[in-house]
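Data block below; observations after.
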Protein chains: 2
Amino acid sequence: MRVPVTDEAIDKIKAMIVSGELRPGARLPKEADLAERLGLSRSSLREAVKALSLIRVLDVRQGDGTYVTSLEPDLLLDALGFVVDFHQDNTVLDFLEVRRILEPAATAMAASLMSDEDIARLRTVLDSLGDEPTLEELITNDLEFHQLIAAGSGNAVLCSLVEGLSGPTTRARIWRGVTEEGAVSRTREQHEAILSAIESRRPDLAQAWATVHVAGVEQWLRKTLGSPVSAL
Amino acid sequence: MRVPVTDEAIDKIKAMIVSGELRPGARLPKEADLAERLGLSRSSLREAVKALSLIRVLDVRQGDGTYVTSLEPDLLLDALGFVVDFHQDNTVLDFLEVRRILEPAATAMAASLMSDEDIARLRTVLDSLGDEPTLEELITNDLEFHQLIAAGSGNAVLCSLVEGLSGPTTRARIWRGVTEEGAVSRTREQHEAILSAIESRRPDLAQAWATVHVAGVEQWLRKTLGSPVSAL
DNA sequence: ATGCTGTAAAGATCAGACGTTTGAGGTCAG
DNA sequence: CTGACCTCAAACGTCTGATCTTTACAGCAT
């Protein structure tokens, strides 16, 4: 079985990074040189670079050069969001189920580890929502709220995973449903309960409320998908 | 800010898939045609296709054509393993911490949901390990054991995530340490305990043993990384 | 010192040619 | 009629080389 030279190039560049020859932030030789060194044409090399660039391993800057990214988990994992966007309907439930596992765990960790300043900021975010928020505001606020908590877990991988698992697309769809059902106030109360538990430094309570929160969304979505009405 | 035409192409192809214009398994127009339709050259289009191919969204077959993959979660998420390979040292702990959250949850689900046949197969796998297994055999067996359990959760996303989180690279490194420390028998006993709990259909017990199992590895790794001895 | 400007370097894009693989259809022997 | 083999067109794979755009940086003017 012949292996395309482009795939080989991907592996070689990956190897250079994993082996430490190319450190995070390091600059790659210019395309022409690297192509010669790896024994392929510039066109083929560019395909490899583009692929590694999509998953945020390489950072290509026109007029400057190509660099290895910081390789921080959040960078590499946010490519996950891209992938999640492709899933629809039934598989969304699987994603949500995983979120129901991860998010409560992250919330519990956050209740123990977040600094008082970060908790105060969380309060600010929650209180900043007006009485008659638009759909757009709801989504943004919800996203920021959950992201701050995820970040508060102190685990970058966990944080990125939680964020990536509920991509913008998914979140938008869910919120549309929530508002149509007039469940905005209930969601808001749950956010308040989660924050209160964090403010009181009670991980178990925070975890429980987070579970209730995600499970609520999950239940609603399960019902919605079950009925043939909402194909979209 | 000008966006590269290649990135545009990626977005457009993605949009075609998400919108349903291109169904899973569908065949794309041939490169020349698609390039013309998207208004760019074949070279640039190929870069886009290569990137989408790396994350398993497209499947390119020489001499045949380019197809949209099944888009099953396991396909898209196994690209995660590729990403995980780039992480080393400290970040590995973050990954392991997430695994300590996900794997017990998956194990509990498996204890409830796995069919008797699947449980029997799990028993076969565990018993197939000889008395003096090689390092290679240990890794393979361990991987198969945990993968069967993850699959038993019935959640494809959860399964892929658990698998991807402990890539071959990471697993190999950990096992090397475990064997050097003579902790093989202890690991084996824990596998046995997990399986027993599943066979008895006791999710809570299975979850607890899984937690103990992963936490043990985590603890060992934390200690190892702490001491400056093992830079590799 | 500050701001502007020119220039070289590096990536972005394109066009076209040629190689390689594969699926499909046709042919012929059994 | 069926199956193995062959042929070939279609589609991806790769390379070359030219041209455009953007960027960093140094040198100049204020």
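These values consider heavy atoms only, across backbone and side chains, with no hydrogens, waters or symmetry-generated copies. On a predicted model such as this, the values are computed, not experimentally measured, just so you know. Each chain gets a letter, A, B and so on, in the order the sequences are listed, and its residues count up from 1.
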Listing, residues 53-60 of chain A side-chain donor-acceptor contacts under 3.5 Å, not counting sequence neighbours, or none:
{"residue": "Arg56(A)", "atom": "NH1", "partner": "Leu54(A)", "partner atom": "O", "Å": "3.3"}
{"residue": "Asp59(A)", "atom": "OD2", "partner": "Arg61(A)", "partner atom": "NE", "Å": "3.2"}

Would you say Glu36(B) has more than 12 foreign heavy atoms packed within less than 6.0 Å of its CD?
no
What string of B, S and - do you get for nucleotides 11-18 of chain D 5' to 3' if you count protein non-hydrogen atoms under 4.0 Å?
BBBBBB-B
When the ring planes of Phe145(A) and His191(A) are compared, do they come out parallel, tilted or perpendicular, using 30° and 60° as the limits?
parallel
To the nearest angstrom, how far is Glu36(B) atom CD from dG16(C) atom P?
12 Å
Heavy-atom donor-acceptor pair, Ser44(B) side chain to Ser41(B) backbone, under 3.5 Å
no
Whole angstroms only, please: what is the CG-C1' distance between Leu38(B) and dT13(C)?
15 Å
Answer yes or no: are there more than 12 heavy-atom neighbours, outside Glu137(B) itself, under 6.0 Å from its atom CD?
yes
